[in-house]
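Down below is the structure, laid out as structure tokens.
Only heavy atoms go into these numbers, but all of them, side chains included; no hydrogens, no water, no symmetry mates. Both counts, for ligands and for their atoms, begin at 1 and track the order of listing.
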Amino acid sequence: MKHLLSIADLGADGIADLLTLTDSFVEISSRSIPKVPVLRGKTVASLFFEDSTRTRLSFETAARRLSADVISFSVSTSSLNKGESVRDTVETIEAMGVDALVVRHGCAGVPQQITSWFEGSVINAGDGWHEHPTQALLDTYTIRQHRGSLRGLRVLIVGDVKHSRVARSNMEAFTMLGASVTLVAPGTLLPPNTKSWPVETSHDLDACLGDADIVYLLRMQQERQEDALVPSLREYATDFGLDRGRMARLSPDALVMHPGPMNRGVEIAADVVEDPRCVVIDQVRNGVPVRMAVLFLLLGSNSHLAEAHSGEPDETGRPKGSRIDA
Ligand code: NCD
């Protein structure tokens, strides 16, 4: 595989393999020196045209833990402000000898477009309302870690589905792995084409909460909303926010997830974040090894990959994958 642009690029088997590969990198991340030389000599550039805290830091940390060199491109201090095009920017970065570009852009399709201008690998770190595949991978990894498998789980994706690339990638990954997904939102925050999606929809969170295994909350993405799509944030919080009262009706082994950044008091009440069922910090923690696995899959050598894929213990009792640092 050369690029990771969407969840469909991986398919169900590809996701399962990537999650298994991630186990090796979780083990490496737990070591006192969480670094292996498998991408030594490779250069990864992050090209973020949109704001980000966790995705960018997570990719850059992942690349460094694999011993790749990292170039960080910040739009606010670049020649894009002098009118340089995305294509010229990409070709300039390529001329410096870069092996992979991690791209976030406000328009759907830009990472795909960049593949025709750039020889190396392109990873989509979020494009418009379209996809955010590594978010879906770290979320499926987190669910698998807590619940063993996604098969048969009932997942609610709640909130601003319309503007959410996370909702699109996650819905696809979750259903591919056997979960059933219900999108819960006011009509104005659901896209018009959900009939062709493998999901159910609801406007009533309280009616769905009782038998949910996962409640996945989305941020209200006001920067993407041209008109007011909810009467007020307070009313939205009353009808769709996860608060202490709703938590009391959730099953004791349900999980609450959020991709961040959270709007406390809107989609999630501050005390819900402290509930042991809320696994937001696990999601962030798992982001690094999941992205190590993605970078390794795209840039690592096949012999390393074969070794890392095998989770069997070696003669030292460690998983074989951990010997990629040998
Ligand atoms: C999301 C994004 O930017 O797509 N955040 C993230 O990557 N963790 C979701 C959001 O902005 O609401």
Side-chain angles (χ1 to χ4, degrees), residues 4-7 46-63 72-76 101-112 122-143 155-174 183-185 189-191 214-226 229-230 233 236-237 240-242 255-268 272-273 278-291 294-295:
L4 178 62
L5 302 175
S6 69
I7 278 296
S46 57
L47 189 57
F48 277 56
F49 297 90
E50 245 193 23
D51 299 343
S52 167
T53 302
R54 66 219 88 222
T55 305
R56 180 183 188 137
L57 288 178
S58 177
F59 265 113
E60 293 181 357
T61 305
S72 197
F73 174 92
S74 172
V75 169
S76 58
L101 278 182
V102 179
V103 181
R104 169 170 286 189
H105 199 285
C107 291
V110 169
Q112 164 85 51
V122 177
I123 302 170
N124 181 2
D127 62 331
W129 309 357
H130 180 223
E131 283 243 22
H132 191 352
T134 59
Q135 180 71 42
L137 292 170
L138 71 90
D139 290 330
T140 45
Y141 190 83
T142 304
I143 296 173
V155 183
L156 308 181
I157 298 183
V158 186
D160 187 1
V161 177
K162 183 172 180 183
H163 302 98
S164 177
R165 52 196 173 212
V166 173
R168 284 170 182 74
S169 289
N170 281 24
M171 171 190 81
E172 201 164 350
F174 294 168
L183 307 175
V184 188
L189 293 179
L190 281 176
I214 313 285
V215 182
Y216 195 103
L217 303 168
L218 299 169
R219 183 174 64 88
M220 279 294 274
Q221 297 170 76
Q222 283 162 297
E223 80 279 12
R224 298 184 191 278
Q225 300 178 8
E226 281 159 17
L229 296 176
V230 290
L233 287 182
Y236 176 82
F240 294 94
L242 194 58
L255 302 178
V256 175
M257 304 177 76
H258 192 301
M262 292 184 281
N263 288 313
R264 287 176 189 237
V266 182
E267 65 268 2
I268 187 163
V272 172
V273 182
C278 180
V279 294
V280 168
I281 288 297
D282 293 341
Q283 291 171 262
V284 177
R285 189 178 297 116
N286 289 331
V288 175
V290 162
R291 291 177 172 120
V294 168
L295 289 167

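By the 4.5 Å heavy-atom criterion applied to side chains, T55 and R291 are counted as neighbours. At a threshold of 4.5 Å between non-hydrogen side-chain atoms, the residues V110 and D127 do not count as touching. Side-chain contact between P259 and Y216 is present, with at least one heavy-atom pair separated by less than 4.5 Å.
Looking at P259 next to ligand 1, an N or O pair under 3.5 Å apart turns up. In terms of N/O distances under 3.5 Å, ligand 1 is approached by H132.
Here Y236 pairs with F240 under the ring pair (Phe, Tyr, Trp, His ring centres under 6.0 Å) rule; sequence neighbours left out. Y141 meets the ring pair (Phe, Tyr, Trp, His ring centres under 6.0 Å) test with no other residue; sequence neighbours excluded.
Within ligand 1, counting atoms from 1 as listed, the ones closer than 4.0 Å to a heavy atom of T55 are 6 (C), 7 (O), 8 (N). Annotation for ligand 1: atoms under 4.0 Å from non-hydrogen atoms of Q135 are 6 (C), 7 (O), 8 (N). If you number the atoms of ligand 1 from 1 as listed, the ones under 4.0 Å from a heavy atom of R219 come out as 10 (C), 11 (O), 12 (O).
Heavy-atom separations between G260 and ligand 1 include at least one value shorter than 4.0 Å. Not a single heavy atom of E50 sits closer than 4.0 Å to an atom of ligand 1.
Note on ring orientation: taking the six-membered ring where Trp is involved, the planes of W129 and H163 are perpendicular (angle over 60°, cut-offs 30° and 60°).
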